[in-house]
There are 2 protein chains.
Amino acid sequence: MKFSKKSEYGLRALLELCETYGGRVLQRHEIAERQNIPVEFLEQILLALKRAGLLASRRGVRGGYALIKSPEEITLGQVIRILDGPLAPISCVSKTAYQKCADCPYAAKPSCPLQQAMGEVRDAIANILDHYTLSRFAHSK
Amino acid sequence: MKFSKKSEYGLRALLELCETYGGRVLQRHEIAERQNIPVEFLEQILLALKRAGLLASRRGVRGGYALIKSPEEITLGQVIRILDGPLAPISCVSKTAYQKCADCPYAAKPSCPLQQAMGEVRDAIANILDHYTLSRFAHSK
DNA sequence: CGAAATCTTGAGCAACTCACTAGACAAAAT
DNA sequence: ATTTTGTCTAGTGAGTTGCTCAAGATTTCG
């Protein structure tokens with residue numbers, strides 16, 4: 001029931017990018033050094049965030065990465081879903097990636113006790129993370 | 001950010017055991033069949049729950065497993081921690097298994113933004129699961 | 001007592017995921 | 001043209017997950 005390093009590194013990297021938002025770009029090695037993250041691994045994370053539309057990048061000599069959206073528009077939930085997949089603790093209660101349980105005897109029935117409990121958990125997690133913006137995140141530093 | 005099959009199977013097995021609480025014992029194959037769980041795998045789960053003091057067992061011809069505590073006294077949080085380990089999404093916010101982050105630059109500082117956000121998540125999860133009893137769980141079936 | 005039924009223990013294993021590494025390639029600046 | 005950056009794809013070692021197997025211990029019943 002843990003978040004991966006990917007999410008953790010991703011959030012820490014965004015923390016740095018929030019600071020220079022609207023200003024200069026940051027290069028991967030700058031982020032990596034300040035946040036103590038293996039640079040090639042960080043790269044994959046930054047690229048994923050770029051593909052998801054959160055970051056822009058420029059190659060070449062004065063290249064680097066920059067936030068493309070304002071920190072108020074980005075939530076921790078978004079970031080974690082990009083890097084770690086759905087938040088739901090079991091897939092039959094996921095709203096973004098629902099999947100019917102294959103082996104659960106309650107799958108066919110009208111209600112499943114597990115689903116009810118896990119649904120509450122999912123909602124609680126999503127409620128926090130989908131309302132926690134990067135601006136608040138970065139500001140609490 | 002998922003719970004394992006172990007927790008899922010464990011909870012489903014306890015669902016069955018709640019039904020016969022105070023009455024007869026259940027054998028692993030009965031539970032396995034009804035809940036559609038591989039019997040040898042289930043066994044490991046039942047033994048873990050036994051070692052944790054939730055179940056009693058008897059060997060031999062009329063043997064089987066039975067709940068040793070009342071369903072009101074057992075919470076989903078307890079069960080999941082037994083089978084899956086701590087609930088916290090990152091170990092630096094775990095109350096039952098705290099561990100200082102090795103590489104985080106905020107580890108030394110007075111406050112860490114990640115810790116604050118993840119702490120809220122941890123509390124929300126624990127709040128639900130540590131108050132959700134097996135009796136409520138089984139009753140919602 | 002002895003056989004059958006059941007739990008107990010420990011080991012093993014294939015597939016997968018995680019965290020990271022490496023290397024070739026593309027584009028931008030000088 | 002060369003250097004500096006990002007881009008992409010693939011690989012890899014360690015660990016975890018989900019499960020299987022086999023040998024043993026204990027209880028009941030005939």
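Throughout, a chain's letter reflects where its sequence line sits, starting with A, and its residues are numbered from 1.
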Using a 4.0 Å heavy-atom cut-off across all strands, classify Q27(B) as base, sugar-phosphate, or nothing. sugar-phosphate
Not counting sequence neighbours, which residues clear salt bridge (charged side-chain N to carboxylate O under 4.0 Å, His left out) with R122(A)? List them please. none
Expected rows: protein N/O vs nucleotides 12-19 of chain C N/O, under 3.5 Å:
unit_1	atom_1	unit_2	atom_2	d
dA19(C)	OP1	K5(A)	N	3.4
dA19(C)	OP2	K5(A)	N	3.2

What is the separation between atom CE on M1(A) and atom C1' on dT17(D), rounded to the nearest whole Å? 17 Å
When every nucleotide of nucleotides 23-30 of chain D is labelled 5' to 3' by its protein contacts under 4.0 Å (heavy atoms), B for base, S for sugar-phosphate only, - for none, what sequence of letters results? -BBBBBS-
Take the protein atom CG of L55(B) and the nucleotide atom P of dC7(C), then report the distance between them rounded to whole Å. 11 Å
Those residues that, when tested against K69(B), pass side chain to side chain donor-acceptor pair (under 3.5 Å) (two or more places apart): none
Residues that E30(B) engages under salt bridge (charged side-chain N to carboxylate O under 4.0 Å, His left out), provided they are two or more places apart: R24(B), R34(B)
Using atom CG of L42(B) as one end and atom P of dT20(D) as the other, report the distance to the nearest whole Å. 12 Å
Is a salt bridge present between E120(A) and R136(B), judged by a nitrogen-to-oxygen distance below 4.0 Å? yes
Take the protein atom CD1 of I37(B) and the nucleotide atom C1' of dG18(D), then report the distance between them rounded to whole Å. 13 Å
Quick one: label K2(A) by what it contacts on the DNA or RNA (base, sugar-phosphate, nothing), any heavy atom closer than 4.0 Å. nothing
5' priority, DNA chain C, between R51(B) and D103(B) [closest heavy atom]: R51(B)
Whole angstroms only, please: what is the OH-P distance between Y65(A) and dT5(D)? 12 Å
Taking distance alone, no hydrogens or angles, what donor-acceptor pairs closer than 3.5 Å link side-chain atoms of residues 45-66 of chain A to residues at least two apart or in another chain?
unit_1	atom_1	unit_2	atom_2	d
K50(A)	NZ	S57(A)	OG	3.1
R58(A)	NH2	R62(A)	O	3.2

Sequence neighbours excluded, the answer for ring-ring contact (aromatic ring centres under 6.0 Å, His included) partners of F41(A) is Y9(A)
I'd like to check the salt bridge (charged side-chain N to carboxylate O under 4.0 Å, His left out) partners of K5(B); sequence neighbours left out, ordered by chain and number. D103(A), E8(B)
List for me each residue that meets side chain to side chain donor-acceptor pair (under 3.5 Å) alongside S91(B), sequence neighbours excluded, and say none if there are none. none
